[in-house]
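In what follows, a structure is listed as structure tokens, so that the remarks can point back to it.
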Amino acid sequence: MKTYNIAVIPGDGTGPEVVAEGLKVLHAVAGPAGLKFDFVTYDLGGERFLATGEVLPDSVVPELRRFSAIYLGAIGHPDVKPGILEKGILLRLRFELDQYINLRPVVLYPGVDTILKDKGPDDINFVVVRENTEGLYAGAGGNLKYGTPDEVAVQESINTRKGVDRCLKFAFALAQKRNRGKKLTLVAKTNVLTYASDLWERAFYAMAHQYADVTTDYAHVDATCMWMVKNPEWFDVLVTDNMFGDIITDLGAIIQGGMGVAAGGNLNPEGVSMFEPIGGSAPKYTGLKKVNPIAAIAAAQMMLETLGEAKAAAAIDAGIKKTVLQMKSMAAGQMGLDTTQVGDLVAKHAAEAV
Ligand code: IPM
Ligand code: MG
């Protein structure tokens with residue numbers, strides 16, 4: 001029996017509720033798939049910070065390096081100034097564990113409503129590869145004369161050739177493997193960001209010849225927002241920097257049915273990866289069992305896929321697809337079921353599908 005050690009960070013708000021459902025589904029497929037999961041829970045997030053002043057104790061990062069993967073709920077607390085927990089936990093983990101890919105599939109499950117008129121599951125099926133350790137997120141910059149009328153604020157986007165190349169390489173390989181049009185679209189802003197986007201563009205076309213079967217395309221990020229709404233079927237794999245990737249994946253989430261459906265993986269292909277629903281902590285729903293756990297369950301599925309457990313991952317996918325047909329809506333409070341009931345159904349259907 002194959003054993004995986006998984007670090008679990010339930011986190012803030014509704015994070016613990018949706019993580020509980022993801023763990024339920026993992027337990028359900030484990031036996032039939034011949035897998036064993038050892039979960040170790042880490043109490044990190046707003047409550048701990050408010051109680052102890054600790055954000056991410058230094059001892060935690062080296063500990064996390066020893067796990068097969070990390071499963072995260074959500075980070076963000078209404079009583080904590082924005083930035084402290086996000087930078088101190090989520091971004092610090094992405095950076096320190098060098099999770100340089102943020103993989104965000106935008107998939108409309110059959111039977112799920114999209115806000116896009118006349119678009120269906122065949123049209124909405126692409127993946128965003130977001131660079132996850134550089135760009136505007138690198139934290140370069142600072143203030144001069146802070147708080148005075150003469151204040152200057154500088155926030156710089158850091159783009160290294162190595163960082164761009166490793167991200168592009170992952171994206172090209174994914175486009176080749178996905179076998180759905182084999183098209184890779186670079187999303188940038190070459191008409192304005194004539195240093196940073198230019199580096200991305202040169203690196204992109206320099207690498208393209210190594211992947212002759214992949215069709216390359218380019219779209220400005222603003223136009224991408226338009227095409228994602230008007231012609232989402234044009235996209236197969238998109239690759240972009242950290243900030244653009246953050247923005248377009250919220251748009252991606254809403255066209256695939258909402259934040260309750262969208263899953264993401266912070267990947268270090270050579271190290272420890274971390275999987276999370278991308279919707280955030282949704283504090284107003286905390287404890288009400290109203291939020292949709294599908295995103296968290298799909299994140300668990302992506303975790304298994306990344307670990308090489310294709311069969312168990314496919315069973316979870318089948319379980320999700322069957323369950324969404326039994327749900328009234330993907331929106332919190334409108335599912336016709338509560339959080340736990342959705343998890344129960346996926347667990348049952350997934351176990352049957354192994
Ligand atoms: C995301 C989130 C984070 C990000 C926040 C919470 C720091 O929006 O994962 O997309 O900006 O990366
Ligand atoms: Mg975001």
Side-chain angles (χ1 to χ4, degrees), residues 9-16 18-19 22 44-47 49 55-56 69-107 126-141 155-159 163 167 187 221 224-225 228 238-268 273-286 291-292 295-296 298-300 302-303 306:
I9 306 174
D12 293 318
T14 54
V18 295
V19 157
L44 299 169
E47 295 300 332
F49 173 69
V55 179
L56 184 62
I70 304 165
Y71 187 45
L72 169 73
I75 296 294
H77 193 292
D79 300 338
V80 181
K81 189 175 173 237
I84 295 180
L85 302 170
E86 293 85 345
K87 285 177 87 167
I89 301 176
L90 181 63
L91 300 183
R92 189 169 157 211
L93 290 178
R94 287 177 183 171
F95 291 160
E96 289 212 25
L97 299 172
D98 204 20
Q99 293 163 341
Y100 60 89
I101 299 295
N102 198 326
L103 189 65
R104 297 189 161 182
V106 179
V107 175
F126 57 89
V127 184
V128 177
V129 176
R130 164 185 175 189
E131 200 292 320
N132 211 31
T133 54
E134 301 192 338
L136 280 168
Y137 281 68
Q155 191 102 40
E156 289 159 312
S157 177
I158 304 296
N159 297 261
C167 180
V187 175
V221 63
T224 301
C225 293
M228 275 173 66
L238 292 79
V239 63
T240 192
D241 78 5
N242 210 339
M243 186 82 256
F244 294 155
D246 177 49
I247 296 168
I248 68 171
T249 52
D250 266 30
L251 178 53
I254 201 66
I255 68 171
Q256 71 182 117
M259 284 302 192
V261 190
N266 303 277
L267 310 184
N268 177 341
S273 301
M274 176 166 74
F275 301 85
E276 52 170 340
I278 77 171
S281 58
K284 70 175 178 187
Y285 293 115
T286 305
V291 291
N292 190 345
M302 200 194 289
M303 178 166 81
T306 308

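Numbers for residues simply follow the sequence, beginning at 1. Just follow the structure's listing: the first ligand is 1, and inside any ligand the first atom is 1.
- Scanning both residues, Ala262 and Ala253, for their nearest heavy atoms gives CB-CB, 3.6 Å.
- Atom OG of Ser273 and atom OH of Tyr71 lie 15.0 Å apart (nearest 0.5 Å).
- Considering only heavy atoms from C-beta on, Leu85 stays 4.5 Å or farther from Leu90 through its side chain.
- Residues Cys167 and Glu134 fail the side-chain proximity criterion, which asks for heavy atoms closer than 4.5 Å.
- Note that the OG1 atom of Thr306 and the CE atom of Met302 stand 7.0 Å from one another [nearest 0.5 Å].
- Among residue pairs with one or both ends in residues 244-263, those qualifying as side chain to side chain donor-acceptor pair (under 3.5 Å) are Arg104-Thr249, Tyr137-Asp246; sequence neighbours excluded.
- Of the options Thr133, Asn132, Asn242, a side chain to side chain donor-acceptor pair (under 3.5 Å) to Asn102 is made by Asn132 and by none of the others.
- For the Mg ion (ligand 2), the neighbouring protein N/O/S atoms at less than 2.8 Å, given as residue and atom, are Asp246 OD1.
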Atom pairs and distances, ligand 1 N/O vs protein N/O under 3.5 Å:
from, atom 1, to, atom 2, distance (Å)
ligand 1, 8 (O), Asp246, OD1, 3.1
ligand 1, 9 (O), Arg94, NH2, 2.8
ligand 1, 9 (O), Arg104, NH2, 2.7
ligand 1, 10 (O), Arg104, NH1, 3.0
ligand 1, 10 (O), Arg104, NH2, 3.1
ligand 1, 10 (O), Arg130, NH1, 3.3
ligand 1, 10 (O), Asp246, OD1, 2.8
ligand 1, 11 (O), Tyr137, OH, 2.6
ligand 1, 11 (O), Asp246, OD1, 3.4
ligand 1, 12 (O), Arg94, NH1, 2.7
ligand 1, 12 (O), Arg130, NH1, 3.3
ligand 1, 12 (O), Arg130, NH2, 2.8

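- Inter-residue side-chain proximity for Gln99 and Asn268 is flagged as met; some heavy-atom pair is nearer than 4.5 Å.
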Please table the atom pairs, donor to acceptor, closer than 3.5 Å between any side-chain atom in residues 274-283 and protein atoms at least two apart or in another chain.
from, atom 1, to, atom 2, distance (Å)
Glu276, OE2, Arg94, NH2, 2.9
Glu276, OE2, Asn266, ND2, 3.0
Ser281, OG, Gly76, O, 2.7

